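Being a predicted model, the structure only gives us computed values, none of them experimental. Just so it is clear: chains get the letters A, B, ... in the order the sequence lines come, proteins before strands, and each one is counted from 1.
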Amino acid sequence: MADTWQAAAATVAVRECAPGPIATLRLRRPSADDLARIAALIGTALPTVPNRIADGAVRVVWIGPDEWLIIGDTAPNATIEAAATDAAAALCVSVGDGRCIFEATGPDAAELLAKATSIDLHPAVFTEAMSAMTLFAQVNAIVDRPPGLDGFRLIFDVSVRDYLCRWFGDAVVEFG
Amino acid sequence: MSQPFRLAAGGLIDRGRPLSFRFEGRDYRGYAGDTLASALLANGVRLVGRSFKYHRPRGILGFGPEESNALMQLGTGARAAPNLRATEIRLHDGLEAKAVNCWPNVRFDVGGVNNLLSRFLAAGFYYKTFMWPHWHVYEGVIRRAAGLGKAPKAADPDRYENRFAHCDVLVVGSGPAGLAAARAAAGTGQRVILAEQDHVLGGRLRWDGGEIDGLAADRWADEAIAALGAMPNVRILPNTAVTGYFDHDALAMIEAVSGDDPAAPAQLPRYRQWQVRAGRVVLAAGAIERPLVFPGNDRPGVMLASAVRHYLARYGVRAGNRAVIFTNNDEAYRTAIAFHAAGGTVAAVVDTRADVDPAVAASVETLGIRLLRGASVVATRGAKALRDVAVRRADGGTLRLACDLLAMSGGSNPNVGLFSQSGGRLAFDEQLTAFRPAQSVQNERSVGAAAGLRTLDEALASGHAAGAGDGAAPRATDAHPAAEITACWRIDAPGKAFVDMQNDVSADDIGLAARESYRSVEHLKRYTTLGMASDQGKTSNVNALAIMAGLTGQGIAETGTTRFRFPFVPVALGAFAGRAHGELLRPLRRLALHDRHVALGAIMEDYGWLRPSAYPRAGETRFEAEQREARAVRDGVGIFDGSPLGKIEVRGPDAARLLDFIYASTMSTLKVGKVRYGLMLNELGVVIDDGVCARLGEDHFLVGASSAGADRIAAWLEEWLQCEFVDHDVLVAPVTTSWSVVTLTGPHARDLLAEAGASFPLGPEAFPHMSFQEGMVAGIEARVMRVSYTGETSYEINVPTGRTAELWDVLMRLGGRYGLTPIGIDAWNLLRLEKGYLHIGADTDGTTTPLNIGWDHVLRRKGDFVGKRSLMLALHRDPARLQFVGLRAEGTEPLPIGAHLVRGKGADRASDGFVTSSAYSPVFGRGVALALVHGGTGRIGETVALEHDGRRLTATIAQPTLYDPEGARLNG
């Protein structure tokens, strides 16, 4: 939808990524079979350890004990809901149109993020494949450290995209 | 210009990089590495400021944040910065400084007349003089006289930054103890932050001699710093003062990044505020020397003995030619020796103690320096610089000693400010004659001089231990022995002896406070202003409370200290704001159609979201635009961007059960494909939101919230589910911004929608008012609701946000022949007002219940819902309660929102209700309004008087629904 936006300084770069399809999946009391069926459908196991992401055919972010964010092309929402036959309730809705995604990379990526969020992003603490929901520059964010990326990915609400472009554009300035 | 007090060699300055600067209109030179204070001293400038109250001439006292006299106004115009301490200002080329608190200049200051009046200006003078009812007489004068520097009026052009940081160990201070702690901690791989307020690391190692592990102290510091700097787990922050110590080992720091140097790269901030979360904290903040309290101790040329030593070693500056050293302890003898070694003349060491350790005495006497035991300085002379001092000898006789420098030492206070902020308890140490940390509360440890330790070896050992590293601690192979001290809180002699130089509080003022029963240290502080302002009593607090203890007969420990507060040093306000100002002050949400609204000439306003208020055409006022837009909806068709409306998916076998409890009306009886309006209440029965709820399936609802309530209501549902209804099989997902809403409203709405193409029937039978359709509109996946906020036939078309513009463009292109008109919030509000539709937050407030707005018969009777019990209170059922009604104004002028209906006369005059929404109605050709009126429902047709801002108005009470009360247009 939006033009791809970017900003760069000597030691850090920020770029906007097209969010693509994203779905919120919530399951109430799913069985192990439910989880296995959904994993088979989307090609990725749902992470059950808090603050983790799982990478497979799609990427799945752990949001809560009964909630995940599925990022990437996948089976229709209704098909996923239907796979949770044992669960007391299942809800899978598309939210990609309501999100925007930025990637911050480079040696000072963690320093850039430290201007906006109070969580500890040191690689020994916030390890690869971790994620967190946090307040970032006054707005809600999901931060994760995708394997192989020299930095972080941040998911925000689309309505603050313009504000964040201004924020990132200003924030990289001090990095030369 | 020469620097007559600069030594030929020595100091951590770059003599190859001379810098020019200007002070009080005169040009001087200094070197890179200088502070403004060291450069002024090098140039022989003694008079650097005027005191706050009496405008007495003052000189440099210290060398760091304790400086109470040399307060500077730096820069000009928008960049002007007041009250910076000359001891902390890094010199740069072209620096311009002016002393604060004097006019026209520091050398000739008109305010100096206050000094002559000083006997009338004692402590408490303000409270006794500037009293009601003549405050207005004094206020202007006080406002001009009060304060120190001048704050700039223009917006601050400088950059300020904020940064969060985490570490295993935060080390505060880089003296011997701090460096030992940092090395020990870093060596085990822990993440270490080392913060040093000075621009040079090393603290006392840079100026107080000694030898560590066989290396000269400053060489050892260099090596330790280089080793730390090479470690990836260490962050070294010079120019960084730790200002606050909060709960859970969270600390605040302020880093002076650019140093106010205009040559610094533009992208660098002036200050950066750090918020640090530390695993543990090592407080190696050192100690600050105390002045002695004797008459004339504030004359320019009277300095702390440690400062004299500091300027010699750090900057190669000898602060005078002929010095008298005045002390009650051994440490000041080092100043005599260093001053002598630097070619100065030491006229005498005046020691208040009759017994001086023979070795200490010999250390100066062997140099030919005269030592006066049991003696005191009792007076000083010199107009704008010290000329001589009067000494009272042990035998009672006095002598005068000519000198241009008096180096005084009353002992040292460990820097316990951060420790105290952390909640730690202090104890008074008689041997040290100072307060030191006694009992920790958080995960911190004080080390070195900050812990009251007196030797280099103890500092190194304590630092190393606190760093919890491996191996042996560094050892002092040569160091000063522990300095012995005998307390001396005040020299008994006539004349003004200052305790707090910044606030001009003398020992006599403390006596006055004691006589007037302001004996608690906190009362003493407020009554005399002692310990206030930018230095926060760093050199004065302990002297003051000891003097008070002497007057009251209480011990010093019992007298206690005032509370040490954040921040330890003054912080520029910009550093708190960081980048959060201007367009980054707070996030404003934008609509997917933002650019299209702007292109149509919309006035975009802050509703949390930036939304179009109106789309005025050329030559049209905002009011005219509102009226035109409203008429277009009544006559043709309008298009409105309703995207911020809250949308929450609710799903599960217990969905209807949950919603019956959350809404004050019944949702479980809603048929699939239908839509129902509902109110949500809180536990007090107060209306917190309204909106429509659609049933998408047997166990699937789409809950609509107001635009302002979207996030709040989603959280509200989640909270009830997670905290109260853990047995409910329901799941909730907010999808507000995933769908945007384009609303068509007006008699031609259906025609236009049909033309755009819908995959479902649009006729009033197949798709009636208050129903829902899912399908395609203009080839786009859509959820469409027939609900109306205008009273006209309306379609709320929800499409995925990424395709909103596509839909908008199709409708705008096809809408021309129907006179399709974009509608702003102004017209939207007018249309709903004519229809009597509620606007939560405008027509309701934090006390409004459904019984105030005519919902008496809509509330569900069966079962429970949030707020139901509260609505049973008699208070809410009183027939005279506020009730929601319409008002027709007598004339064309709209009634002011907030105008009150008034009943009764004289003392019985009271409010009878108030206007909540108001506008000029083009349909009725008059002002119409909504109001909450006492007993309003039973008063339809009554003519009432209103008042607002002294104006009197008349209106008639009517049903809330003024327009199309039968709903013919709505259902058409």
Side-chain angles (χ1 to χ4, degrees), chain A residues 1-2 9-10 18-19 22-29 64 66-67 81 87-100 111-122 124-126 137-140 156-164 166-167 169-176, chain B residues 159 161-167 191 250 257 265-269 272 274-275 277 578-580 582-592 594 609-610 643-644 649-655 699-700 711 722 728-740 799-805:
Chain A
M1 46 165 266
I22 303 179
T24 284
L25 171 64
R26 297 196 73 168
L27 299 170
R28 185 159 165 90
R29 288 187 275 114
D66 66 358
E67 184 170 347
E81 285 175 350
L91 174 65
C92 189
V93 290
S94 297
V95 295
D97 275 82
R99 301 290 182 273
C100 61
E111 292 298 320
L112 175 79
L113 267 56
K115 295 172 68 161
T117 176
S118 65
I119 61 173
D120 190 352
L121 297 170
H122 190 274
V125 178
F126 196 87
Q138 306 184 63
V139 297
N140 291 326
F156 301 100
D157 193 277
V158 71
S159 64
V160 289
R161 176 193 171 270
D162 181 82
Y163 160 79
L164 285 163
R166 289 163 202 263
W167 189 90
D170 178 78
V172 299
V173 166
E174 70 165 307
F175 297 98
Chain B
R159 228 183 136 78
E161 293 280 3
N162 278 303
R163 190 80 68 88
F164 292 94
H166 299 259
C167 61
R191 292 158 69 192
V257 184
Q267 77 269 18
L268 288 187
R272 176 183 288 120
W274 292 81
Q275 287 170 264
R277 183 56 69 89
R579 300 300 299 155
E583 60 184 15
L584 300 177
L585 175 65
R586 70 188 182 95
L588 272 179
R589 305 175 77 173
R590 285 200 185 214
L591 301 158
H594 181 88
W609 292 73
L610 272 175
S643 300
E649 302 248 3
V650 177
R651 185 150 207 188
D654 290 322
D699 65 351
H700 191 184
D711 295 337
Q722 288 193 18
H728 279 41
D729 287 328
V730 193
L731 295 163
V732 168
V735 293
T736 297
T737 52
S738 299
W739 297 84
S740 288
V799 293
T801 293
R803 302 192 69 181
T804 328

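- Ranked by heavy-atom pairs under 4.5 Å with chain A, the list B:R163, B:E161, B:R272, B:E649 is led by B:R163.
- Of the two parts of A:S118, the backbone and the side chain both hold a non-hydrogen atom closer than 4.5 Å to a non-hydrogen atom of chain B.
- Between B:R589 and A:D157 there is a side-chain heavy-atom pair separated by less than 4.5 Å.
- When all heavy atoms of A:A137 and B:P587 are compared, the pair lying nearest together is O-CG, 4.5 Å.
- Checked for salt-bridge contact, A:E174 and B:R579 miss the test: no charged N lies under 4.0 Å from a carboxylate O.
- For a residue to count as touching a neighbouring chain, one of its non-hydrogen atoms must lie under 4.5 Å from one of that chain's; by this rule A:L113 does not touch chain B.
- Ranking B:R191, B:R586, B:R277, B:E583 against chain A, the residue ahead of the rest is B:R191, based on heavy-atom pairs under 4.5 Å.
- At least one donor-acceptor pair under 3.5 Å links the side chain of A:R28 to the backbone N or O of B:H728.
- Checked by atom type and distance alone, the side chain of A:R26 pairs as donor or acceptor with a backbone atom of B:V732 at under 3.5 Å.
- Of the atoms belonging to A:A87, not a single heavy atom falls under 4.5 Å from chain B.
- A salt bridge is absent between B:R803 and A:D97: the closest approach of a Lys/Arg side-chain nitrogen to an acidic carboxylate oxygen does not fall below 4.0 angstrom.
- With contacts defined as side-chain heavy-atom distances shorter than 4.5 Å, the pair B:L731/A:E67 does not qualify.
- Contact of the A:Y163 side chain with the B:L584 side chain is registered, since non-hydrogen atoms from C-beta on lie closer than 4.5 Å.
- Only the backbone of A:A90 comes within less than 4.5 Å of a heavy atom in chain B; its side chain stays farther off.
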